[in-house]
There are 2 protein chains.
Amino acid sequence: MDKILDIDNIDLKIISLLNEDAKTPYTEIAKKVFVSSGTVHVRMKKLEDMGIVKSATLNIDFSKLGYDISAFLGIYLEKSSLYDNVIERLKGIAEVVSAYYTTGNYSIFAKIICRDTNHLRLVLDSIQKVDGIDRTETLIVLEESINRPIQFFDKEK
Amino acid sequence: MDKILDIDNIDLKIISLLNEDAKTPYTEIAKKVFVSSGTVHVRMKKLEDMGIVKSATLNIDFSKLGYDISAFLGIYLEKSSLYDNVIERLKGIAEVVSAYYTTGNYSIFAKIICRDTNHLRLVLDSIQKVDGIDRTETLIVLEESINRPIQFFDKEK
DNA sequence: GATTAAATTAGATTTAATCTAAATAGAGTT
DNA sequence: AACTCTATTTAGATTAAATCTAATTTAATC
């Protein structure tokens, strides 16, 4: 029953290598993991079928694309029962890239990405207008010091 | 001088499409953007050379890999001048996946991913032992309701 | 409208992905 | 231990894509 039991070290190594660069050819992965490229295919197919590997995305430097400001938002709701409604509304705001239900003071914890301070102001306005949102606290990101995938294998040690 | 001027709608469409699925063949991207696959290559090479597209990573369902708990940490430092030192120490903790310098109360805002509550406790312990960290506030993620890339083109409208 | 520079394209070549069938390895049974 | 069944891995063949090059088209400037 436990999905984790179906995953061995070969799977984890494949995931780790592809997580560093998802465009690495399976033939190259195969060499590093000491199996055939066919096996890499079979394993990746399994991982995708199991829903463990969902897709591959680009790692984009948004600031170089003119999206210079990102911010975390702590959102307070009027009633916590409004959670689902508010999430649906947030999905309609393109600048919202993530939203979480978390323990702590906030009802919703979200992240937004904007071009500049003016754009940020517009986005905050549209979020504050969403029915059910009481108030928000904004943590503007001034520096991203760490941003990396989980490390399954400790390289240092 | 402005990097954004070098980027046109073709670039943005290519990025958008590949951001949904980075493994989409360039030939297929080419059809959707109405250019040749050679152009997609040239554009992607340009975007990579400019550092706009940094790499491609897998989108992994960590809970299915046994990493069931993620949490945001608001970290208070004894002195804000200790920022760089503390970041270096956090880089040594495998479970820390991101860390930011933000406005607001916290000196550092970080995210960690753990297997279970016991693992979380161990990681929090090791973080609280880092020299320079005064105290931490933990926001445990109970549900991830939104997690998506920026949408350059509004699909809804 | 001619000239130059830049970007795009088609087509050839190299490389990788994918598929299939055979070989191997593993687990359980007698 | 030999046998059977099953699952996994592999090599090799086929299909498809990436990559490279040279030619063409497009755009910009005079």
Side-chain angles (χ1 to χ4, degrees), chain A residues 1-67 149 152-153, chain B residues 1-67 149 152-153:
Chain A
M1 201 64 250
D2 200 338
K3 293 143 192 161
I4 304 153
L5 294 179
D6 298 331
I7 305 301
D8 62 12
N9 260 349
I10 293 176
D11 294 312
L12 287 181
K13 278 180 193 158
I14 292 170
I15 290 177
S16 286
L17 289 168
L18 283 173
N19 213 15
E20 283 173 27
D21 181 5
K23 300 219 83 180
T24 314
Y26 286 0
T27 49
E28 202 175 308
I29 301 293
K31 277 180 210 158
K32 290 182 180 166
V33 184
F34 302 106
V35 294
S36 72
S37 70
T39 299
V40 177
H41 270 275
V42 171
R43 296 301 188 100
M44 280 301 291
K45 175 117 195 351
K46 178 188 78 177
L47 291 165
E48 284 163 8
D49 289 346
M50 289 172 80
I52 290 173
V53 173
K54 287 181 284 188
S55 63
T57 59
L58 299 182
N59 187 358
I60 294 167
D61 186 333
F62 290 107
S63 70
K64 287 187 179 160
L65 274 178
Y67 285 77
F152 296 110
F153 305 99
Chain B
M1 198 67 251
D2 199 337
K3 293 143 191 163
I4 304 154
L5 294 179
D6 298 331
I7 304 301
D8 62 11
N9 260 349
I10 293 176
D11 294 311
L12 287 182
K13 279 180 192 159
I14 292 171
I15 290 177
S16 286
L17 289 167
L18 284 173
N19 212 15
E20 283 173 27
D21 181 4
K23 302 219 81 181
T24 313
Y26 286 1
T27 49
E28 202 175 309
I29 301 291
K31 278 181 210 159
K32 290 182 180 167
V33 185
F34 301 107
V35 293
S36 73
S37 70
T39 299
V40 177
H41 270 274
V42 172
R43 297 301 188 99
M44 280 302 289
K45 176 122 196 345
K46 177 188 77 176
L47 291 165
E48 284 163 8
D49 289 347
M50 290 172 80
I52 290 174
V53 172
K54 289 181 283 190
S55 63
T57 60
L58 299 182
N59 186 359
I60 294 167
D61 186 333
F62 290 106
S63 70
K64 287 189 179 159
L65 275 177
Y67 285 78
F152 296 110
F153 304 100

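Numbers restart at 1 for each chain; the letters A, B, ... are given by sequence-line order, proteins then strands. All figures in this text were calculated on a predicted structure; none of them were measured in a lab.
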Q.
If you assign each of B:H41 and A:R43 to its closest nucleotide in DNA chain D, which residue comes earlier from the 5' end?
A. A:R43

Q: Fit a plane to each ring of A:F62 and A:Y67, take the angle between them on a 0 to 90° scale, and name the class: parallel (under 30°), tilted (30 to 60°) or perpendicular (over 60°).
A: perpendicular

Q) Of all the choices, D:dT9, C:dT8, C:dA16, which nucleotide is nearest to the side chain of A:T39 once you look at every atom? A) D:dT9

Q | First encountered from the 5' end of DNA chain D, between A:K23 and A:I10 | A | A:I10

Q. Should A:M44 and A:E48 count as side-chain neighbours, where that means a heavy-atom distance under 4.5 Å?
A. yes

Q | Residue-phosphate contact under 4.0 Å: B:S36 side-chain N/O, C:dA10 OP1/OP2 | A | no

Q. Do A:K32 and A:V40 touch side chain to side chain, with heavy atoms closer than 4.5 Å?
A. no

Q: Name the nucleic acid region contacted by B:T27, choosing base, sugar-phosphate or nothing; use a 4.0 angstrom heavy-atom cut-off, strictly under.
A: sugar-phosphate

Q.
Without decimals, in angstroms, what is the distance between A:K46 NZ and C:dT18 P?
A. 18 Å

Q.
Could you identify the nucleotide paired to D:dT24, looking across every strand shown and requiring Watson-Crick or G-U wobble geometry with both distances under 3.5 Å?
A. C:dA7

Q: Apply side chain to side chain contact (heavy atoms under 4.5 Å, CB included) to the pair B:R43 and B:V35, showing each step before the final yes or no.
A: CA-CA 11 Å; B:R43 297 301 188 99; B:V35 293; over 6 Å; no

Q: For A:K45 and D:dA7, give me the distance from atom NZ to atom P, rounded to whole Å.
A: 15 Å

Q: In whole angstrom, give the distance that lies between atom CG of A:L47 and atom P of D:dT8.
A: 13 Å

Q | Distance (rounded to the nearest 0.5 Å) between A:I29 CD1 and A:K13 NZ | A | 12.5 Å

Q: Rounded off to whole Å, could you give me the CG-to-P distance for the B:D8 and D:dA27 pair?
A: 12 Å

Q) Among the nucleotides C:dT9, C:dT18, D:dT9, which one has an atom lying closest to any side-chain atom of A:Y26? A) C:dT18

Q) Can you tell me how far P of D:dT15 sits from CD of B:E28, to the nearest Å? A) 20 Å

(Q) If I take atom CG in residue B:L18 and atom C1' in nucleotide D:dA17, what distance separates them, rounded to the nearest angstrom? (A) 14 Å

Q) Between atom CE in A:M44 and atom P in D:dT9, what is the gap in whole Å? A) 15 Å

**Q.** Interatomic distance where NZ belongs to B:K31 and C1' belongs to D:dA16 [whole Å]
**A.** 11 Å

